[in-house]
J.: 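Okay, handing you the structure first.
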Amino acid sequence: MLRRRLNRLFGRDERKVDSRTIYVGHRPCPATEALIPPKFCDNRIVSSKYTVWNFLPKNLFEQFRRIANFYFLIIFLVQVIVDTPTSPVTSGLPLFFVITVTAIKQGYEDWLRHKADNEVNKYLVTVLEDGRRACKESEKIKVGDVVEVVEDETFPCDLILLQSSREDETCFVTTASLDGSPTIRWSVAVYSGMETKMALNYQGKSQKRSAVEKSINAFLLVYLCILVSKALVCTTLKYVWQNRPGQDEPWYNQKTQKEKDTNLYLKMFTDFLSFMVLFNFIIPVSMYVTVEMQKFLGSFFISWDKDFFDPEIQEGALVNTSDLNEELGQVEYVFTDKTGTLTQNNMEFIECCIDGFQYKYADSGTELDGFCVTDGPVNILQQKAGREELFLRALCLCHTVQVKETVGPADLGGFIASSPDEVALVKGAMKYGFKFLGMESKNMRVMNRNNDVETYELLHVLNFDPVRRRMSVIVRTKSGDTMLFCKGADSSIFPRVRQEEVDKIRMHVERNATEGYRTLCVAYKLLSREEYDQADTGLREAKLALQDREEKLMAVYNQVETGMSLIGATAVEDRLQEEAAETMEALQGAGMKVWVLTGDKMETAKSTCYACRLFQRSTELLELTVRTLVDLGRKREVRLHELLLDYHKRAVQDAPPIKAGVTRSWSSANQDYGFIIDGATLSLVLNSSPDSNSSCYKSLFLQICQNCTTVLCCRMAPLQKAQIVKMVKNCKGSPITLSIGDGANDVSMILEAHVGIGIKGREGRQAVRNSDYAIPKLKHLKKLLLGHGHLYYVRIAHLVQYFFYKNLCFILPQFLYQFFCGYSQQPLYDAAYLTMYNICFTSMPILANSLLEQHICMEVLMDNAALYRDVAKNAMLGWGPFLYWTLLGVYQGLLFFFGVRFLFSNPALQDNGQVFGNWSYGTIVFTVLVFTVTLKLAMDTRHWTWINHFVIWGSLAFYMFFSFFWGGIIWPFLRQQRLYFVFANMLSSVSAWLIIILLILLSLLPEILLLVLRKPRGPHSRQVLSTYSDTISFKC
Amino acid sequence: MSQQDQKDHQGQQQPEPLPVHTTTIQKVRIMMKEELETTNRPDNTAFTQQRLPAWQPMLSAGIVIPGFVLIGLAFIGIGVALFITSQNITVLEKDYTGVETTSDCYKCSNPSDKNCTCKLEFSLSTLFEGPVFFYYGLSNYFQSQRSYGASKDEYQLSGDLDYFKTPISACSPYQYDANQNPIVPCGSLANSMFNDTFKLYQIVNGTKKLVPFDGKGIAWWTDYNIKYRNPSVTPLKNAFNGTVKPSFWSKPAYELDTSDPSNNGFVNQDFLVWMRRAALPDFRKLYRRITEGDYARGLPAGNYSLEIAYNYPVLSFGGRKKVVFSNVSWMGGKNQFLGIAYLVVGSLCVVMSMVMLIVYAKFKFPEDD
């Protein structure tokens, strides 16, 4: 797919796809080379869709590609062409309104994009031109330009490093550009503008559609069927009826010559079209625009929410798309990144343990069991001091940390390391007086407590790897001793040291681990000359080996790292994000399953899971990692299969059947399962050899995971994260997934999930930019989902159902009237009412309701996570509720029509004996209709702000006013004055008043009954409401 | 000169190695530096925080049950009033289509028979209280058909002389006659105007005493005074020069009521009543009121004879014709439906409130605890 896109970008020139030739600094190309300088695009970033010129045609085209708009366009055209009961205005005007509103919204959004593009494109960069520095706007950078990027600056396009300010000609490019230090001096632009990786990534972003939209489309289909069947029924009955003697062409209503000449089948067809036009209002034209407005305006509440405002970064939540608001209320699976999301990625040295004594650093200087333990014999104390220093030296030496070159005071501690733990350890040692000063050629310099600088020659680094789970360094002291320092996980160190040393420390290590700290053990070994020589040759050979280098290195490592003596252990805390545990607990309480996807080691990830209360003491862990697979030395696939079956048995088959939808409640005594899998095993599960039963593994794996409350996936590549999300997304029942992350390596899963949340953390803006919503902190996720998400879902679900309902009971009387007008497509309502019903009389109350409604207060929603389950699985837009609303609409439509029908059995309704005609009939029905649907909405409204009052009563008042006005004037531009004084005359009739009141009450009666009777049986709402009713009334 | 491995450039699916084009950061940084703290902070207003003071109505049993009782009682009250009022309205309905051979009008039911008159005799045992309204009724007559209703020219009917010459095409097939003369008033609706006429006699001592009919005030005031206008040409006849009368009509529009110019032409009240289309295929329209002379208080007991000029054919489409004598009340004509409906709904409300009361008594008013 990418290739295709590239081909398109590069034109037909296939050769250029794989390589591009660039003339640095635009030097004239040598004549000997017959290569025509290729044309590259400029560095302009264009994310906007329209320009001023193409906005109108392009936007119109895009809008009419939408099936609903196209449908209305067709209806409009039919009205223009065929002789139809209603004028083209009745459907043309709402369509115009809808198209205009949508165009304004899209135009505004595009204007914002233009603004953002401009900001990027006009950014000034330094470019080398003719040997001089020149400032250029970012958009004017050409491929081949030499660009200067100073430290902490971001790159304007894809670059190749030419020269760095560092001596070793390297540069650090952190993906987290915010705190990175790119100290590039010069570099050449390679890919610019829309060809940069970033832009290519951006283009790959497909539009996400919400589940609600799918429901809408399904309902639409049902209504389309109703519409077509109504038209078919009417057409059929018309011809059946006309076949009866005397009915086809009564003398008082003779056909025109043209009608007589028309072919019967053509007549039938045009009749069918006419009925379609007459009933087309059943498909709510304004629903799309109302839904869109609701989403667009509603999303402001997220960015406005001051609870999402983080004083640290001075920002609140960001909404990148408003299309997915309601999806926030439907989340079933949460995929979260660990580092930076669950944790702050801010390691801190908490305590250490040397020879069984615990040392805890305290700022105040009071030490728990500190470095100046004075009790005990002095010789022990001295011995202790020696061990302490050894331990601290080990911390200072056994790492791969580099010192950052900063102009500021060095003691601020600018370290660069592949792992933040190492920095924490080095910094921890610093607190106790041993300071790592950095490397000088091959010497490590350490400043000790006496401010003397010690230098150690670094001989070898035995790198960390996940299987060995330890790393070592071999250094030579000034005195010529060769020492090996090793640090690693307890499980990998303990077998390699003396047992009595282990016993002293094990307790500390285990306690620290259960507290959620990352623990590392430190050991050392004095190498004799022979030993070192042997190790040195072994290492060198292994490093140079062409085959099985990894295995050979490993063998040497294992050989060297034996017989060590254990000095102590460290405990480093990866601080959790604020309220991380509470947030996770709330999410689980809301029925969501949390999957932690991390690139980290299993141990650290596991400890974080414990700390976040994702795993609890009672949780039974099912582990499926490289470690569990290699245990028996058998083929991995066999073992995998075995384990999967075993876990499946435990977690799925033996587990008690779970009630639909609800997977875990706090009170349930069910055994909780946690699942742990690592990247390597995952790829084994997903991509096992084609002949084996890989799909079987996959489904087993999925089933196990679905029965686990928490799944931890560690050692994940970014792409694997997306793979997992995709797998869950596409599994049975297609659950709604949410991904949350802060770093660039989370982008893939953010894009993959239904809803992608970016955290505005310290790791750059990639995640935020690619997310659908961005929040400053993890803790905000709770309110975003349980509060906003729940409300948005309820609002939009109600909006959709209400729209279908109100149009059903709007059009049903018109359908029924066909039986009383000889199937002649006579509209029951005046054209003005037909047009205005959806865009004026009944649009504002539902829009306001769908923006402001809080059926349950925000605070209550957040306090009772279980309420989230009430709306899980699209509960309010299922076929059940849809049927209920449809039946309600049918009931009311029947009532409106036949109520007035029986009244009109004697049309003399005025006290002066005068009779009412067909327009009075329609107006009475319409008045009942408008009042009923508005009052129905009023009954559904649980949260009456002044805006609700204003629009609900205002709409009714407007209807009255409009009807008076519309019927009160002879409109000069209209030929037909059908409604002239119809409304006023209707109001002068007592009977009309009485039937209107009666029908409104009768149509709302079942609703009132349900409302009253349903409440005592409601599962959650009752307790919540009764408990909180006192508090709510004050708060909200 | 440098070449970049294309694979490295395929960063689309795999965000690592990372695209380094992170211009947004700059944007954000600039914003962060430039803007003050307050500008970035969301407004702390009740609206933006979704904390607008709100009334949260709770439908509790304490409100609903008394409410239902009250509504029920009110409805029953209205229902009783309606029912009694409706009961007190006297209606006399007579079919005169002439389907039955026993009927006097049977002789007129043959459409080829022109200028046929027939009689309908009836007797009243008590006083038919006045004012008595005299309606004619048609059934199986679809005035509500769309093409029929659209077949008129409202500009013409509001007195616009331009449309006398060129009526709207919707009037077709009653737009022009065979000689291409414009028909005024054009269209099926006007053409098919009801043209049976009635005369009511009281038989007093064997002699016929004419009951005077009042033909005013039978059409809507606004139709008569504003919506329909004759062209401002005197005499009215001149306005119709070059036009022909509708084919079904026996006399042109300007001769509908020669005795009263204010009831002539398009503002003839019979014409206006006809032009207001009925909603349903069985309808009645007001023909006359009996308000004058000896009959102002109503029709006294006695024998009456209704002389009908039988012109209007309905049998061809299976229709029926009838005359209705009725008095009216504040609620209009007789209509049992409304009273009964009110009684039913009112009782329903009361019954439901009783049911609710029982339910709540059983559940011990759970939400009041």
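As a basis for the values below, the full set of heavy atoms in this structure was taken, side chains included, without hydrogen atoms, waters or symmetry mates. Protein chains get the first letters and strands the later ones, always in sequence-line order, with residue 1 at the start of each.
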J.: Quick one: what part of B:Ser151 sits under 4.5 Å from any heavy atom of chain A, side chain, backbone, both or neither?
T.: neither

J.: Could you please spell out the steps behind the ring pair (Phe, Tyr, Trp, His ring centres under 6.0 Å) verdict for B:Phe142 and A:Phe820?
T.: CA-CA 8 Å; B:Phe142 287 84; A:Phe820 295 89; 8.8 Å; no

J.: Is A:Arg901 close to chain B through its backbone or its side chain, or both, or neither, when contacts mean heavy atoms under 4.5 Å?
T.: both

J.: Tell me, for B:Ala219 versus chain A, whether the close heavy atoms (under 4.5 Å) come from the side chain, the backbone, both or neither.
T.: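 Interface part for B:Ala219: backbone (N, CA, C, O).
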
J.: So which part of B:Leu157 gets closer than 4.5 Å to some heavy atom of chain A, the side chain, the backbone, both or neither?
T.: neither

J.: Can you tell me which of B:Val324, B:Asn44, B:Val64, B:Asn191 forms the most heavy-atom pairs within a distance under 4.5 Å of chain A?
T.: B:Asn44

J.: So which heavy atom on B:Ala279 is nearest to which on A:Tyr817, and how close?
T.: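 Closest pair (atom of B:Ala279, atom of A:Tyr817, distance): O-OH, 2.7 Å.
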
J.: Non-hydrogen atoms of chain B under 4.5 Å away: do they reach the side chain of A:Ile970, the backbone, both or neither?
T.: side chain

J.: Can you say whether B:Phe47 sits under 4.5 Å from chain A via the side chain, the backbone, both, or neither, judging by heavy atoms?
T.: both

J.: Would you mind telling me which of A:Thr941, A:Asp248, A:Leu1001 has the largest number of heavy-atom pairs within less than 4.5 Å of chain B?
T.: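 Most pairs with chain B among the choices: A:Leu1001.
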
J.: Check whether B:Ile78 gets within reach of chain A through its side chain, its backbone, both or neither, counting any heavy atom under 4.5 Å.
T.: side chain

J.: What verdict does the side-chain contact (heavy atoms from CB on, under 4.5 Å) test give for B:Phe248 and A:Trp251, after you've listed the backbone C-alpha separation in whole Å, the side-chain angles of each residue and the deciding distance to 0.1 Å?
T.: CA-CA 10 Å; B:Phe248 182 70; A:Trp251 68 266; 3.6 Å; yes

J.: Under the side chain to side chain donor-acceptor pair (under 3.5 Å) rule, collect the residues that match up with B:Ser144, sequence neighbours excluded.
T.: none

J.: Enter the distance from B:Ser147:OG to A:Gln254:CD here, rounded to the nearest 0.5 Å.
T.: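 The CD atom of A:Gln254 is 11.5 Å from OG of B:Ser147, to the nearest 0.5 Å.
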
J.: What part of A:Leu994 lies closer than 4.5 angstrom to a heavy atom of chain B: side chain, backbone, both or neither?
T.: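 The answer is both parts of A:Leu994.
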
J.: Under a 3.5 Å threshold, yes or no: a donor from one side chain and an acceptor from the other, between B:Arg146 and A:Gln825?
T.: yes

J.: List the atom of A:Gln914, the atom of B:Gly217, and the distance in Å for their closest heavy-atom pair.
T.: NE2-O, 3.1 Å

J.: Which heavy atom in B:Ala54 sits nearest to a heavy atom in A:Thr945, and how many Å separate them?
T.: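 Heavy atoms of B:Ala54 and A:Thr945 come nearest at CB-CG2, 3.9 Å.
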
J.: With a 4.5 angstrom heavy-atom cut-off, could you sort out which part of B:Ala341 is near chain A: side chain, backbone, both or neither?
T.: both

J.: Measuring heavy-atom distances to chain B, does A:Gln257 have an atom under 4.5 Å in its side chain, in its backbone, in both, or in neither?
T.: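 No part of A:Gln257 comes within 4.5 Å of chain B.
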
J.: Does any backbone or side-chain atom of A:Ser989 lie under 4.5 Å from a heavy atom of chain B? Answer side chain, backbone, both or neither.
T.: neither

J.: Go through the atoms of B:Asn140 and report whether side chain, backbone, both or neither lie under 4.5 Å from a heavy atom of chain A.
T.: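 Contact with chain A: backbone and side chain both.
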
J.: Can you tell me if A:Gln826 and B:Arg277 form a side-chain donor-acceptor pair at under 3.5 Å?
T.: yes

J.: Do the ring planes of A:Tyr252 and B:Phe317 sit parallel (below 30°), tilted (30 to 60°) or perpendicular (above 60°)?
T.: perpendicular

J.: Below 4.5 Å from any heavy atom of chain B, which atoms of A:Leu828 appear? Answer side chain, backbone, both or neither.
T.: neither

J.: Testing the basics here: between A:His788 and B:Gln50, what is the closest heavy-atom pair and its distance to 0.1 Å?
T.: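 Result for this residue pair: CE1-NE2, 3.3 Å.
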
J.: In terms of heavy-atom pairs under 4.5 Å with chain A, which of B:Ser188, B:Cys349, B:Gly346 leads?
T.: B:Ser188

J.: Whether B:Asp153 and A:Arg975 form a salt bridge (side-chain N of Lys/Arg under 4.0 Å from carboxylate O of Asp/Glu) is what I want to check.
T.: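 Between B:Asp153 and A:Arg975 there is a salt bridge, with a charged N closer than 4.0 Å to a carboxylate O.
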
J.: B:Leu338 vs A:Ser991, test: side-chain contact (heavy atoms from CB on, under 4.5 Å). Steps then yes/no.
T.: CA-CA 8 Å; B:Leu338 203 55; A:Ser991 291; 4.0 Å; yes

J.: With only heavy atoms counted, which part of B:Tyr228 is less than 4.5 Å from chain A, the side chain, the backbone, both or neither?
T.: neither

J.: Of the backbone (N, CA, C, O) and the side chain (C-beta and beyond), which part of B:Pro131 lies under 4.5 Å from a heavy atom of chain A, both, or neither?
T.: neither

J.: Under 4.5 Å heavy-atom distance to chain B, tell me which part of A:Lys258 shows up: side chain, backbone, both or neither.
T.: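 No part of it gets close to chain B.
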
J.: Check each atom of B:Tyr342 against the heavy atoms of chain A and say whether the ones under 4.5 Å are side chain, backbone, both or neither.
T.: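 Both backbone and side chain of B:Tyr342 come within 4.5 Å of chain A.
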
J.: Go through B:Val328, B:Asn335, B:Thr45, B:Val273 and name the one with the most non-hydrogen pairs under 4.5 angstrom from chain A.
T.: B:Asn335

J.: Ignoring hydrogens and angles, tell me if any N or O in the side chain of B:Tyr135 forms a donor-acceptor pair with the backbone of A:Gly913 under 3.5 Å.
T.: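 Such a contact is found between B:Tyr135 side chain and A:Gly913 backbone.
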
J.: Assess the residue pair B:Trp220 and A:Val982 against the criterion (side-chain contact (heavy atoms from CB on, under 4.5 Å)); give the C-alpha distance rounded to whole Å, side-chain angles, the decisive distance to 0.1 Å, and a yes or no.
T.: CA-CA 10 Å; B:Trp220 284 21; A:Val982 165; 4.1 Å; yes

J.: Roughly how far, to the nearest 0.5 Å, is the CG atom of B:Leu348 from the CG atom of A:Leu1009?
T.: 8.0 Å

J.: Near B:Trp330 CH2, under 6.0 Å, is it more than 12 heavy atoms from other residues, nucleotides or ligands?
T.: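 Count over threshold, so yes.
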
J.: Below 4.5 Å from any heavy atom of chain A, which atoms of B:Ile71 appear? Answer side chain, backbone, both or neither.
T.: side chain

J.: Which heavy-atom pair separates B:Leu286 from A:Asn912 by the least distance, and what is that distance?
T.: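 Minimum heavy-atom separation between B:Leu286 and A:Asn912: CD2-O, 4.3 Å.
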
J.: Between B:Gln49 and A:Trp304, is there a donor-acceptor pair closer than 3.5 Å when you use the side chain of the first and the backbone of the second?
T.: yes

J.: Nearest 0.5 Å, what's the CG-CZ distance between A:Asn918 and B:Arg276?
T.: 8.5 Å

J.: Just so I understand: if I count every heavy-atom pair under 4.5 Å between each of A:Val915, A:Val990, A:Leu998 and chain B, which residue has the most?
T.: A:Leu998

J.: Quick one: what part of A:Asn948 sits under 4.5 Å from any heavy atom of chain B, side chain, backbone, both or neither?
T.: neither

J.: Under 4.5 Å, counting heavy-atom pairs only, tell me which of A:Phe300, A:Trp919, A:Phe916, A:Phe308 racks up the most with chain B.
T.: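 Most pairs with chain B among the choices: A:Phe916.
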
J.: Nearest 0.5 angstrom please: B:Ile226 CD1 to A:Gln977 CD, how far?
T.: 11.0 Å

J.: Search all heavy atoms of A:Phe301 against all heavy atoms of B:Thr48 and return the closest pair with its distance.
T.: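 Shortest heavy-atom separation between A:Phe301 and B:Thr48 comes out as CD2-O, 3.6 Å.
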
J.: Heavy-atom distances under 4.5 Å only: say whether B:Tyr163 touches chain A with side chain, backbone, both or neither.
T.: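 B:Tyr163 touches chain A through side-chain heavy atoms alone.
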
J.: Check whether B:Tyr148 gets within reach of chain A through its side chain, its backbone, both or neither, counting any heavy atom under 4.5 Å.
T.: both

J.: Please identify, among B:Gly319, B:Ser158, B:Pro313, B:Ser316, the residue contributing the most non-hydrogen atom pairs under 4.5 Å to chain A.
T.: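 With the most close heavy-atom pairs to chain A, the winner is B:Pro313.
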
J.: Do B:Met331 and A:Asp911 pass the side-chain contact (heavy atoms from CB on, under 4.5 Å) test, and can you show the C-alpha distance, the side-chain angles, and the key distance before you say yes or no?
T.: CA-CA 6 Å; B:Met331 61 170 283; A:Asp911 56 2; over 6 Å; no

J.: Quick check on B:Tyr141 against chain A: is it the side chain, the backbone, both or neither that has a heavy atom closer than 4.5 Å?
T.: both

J.: Would B:Phe283 and A:Phe904 satisfy ring pair (Phe, Tyr, Trp, His ring centres under 6.0 Å), going step by step from the backbone distance to the final call?
T.: CA-CA 9 Å; B:Phe283 61 88; A:Phe904 265 66; over 10 Å; no

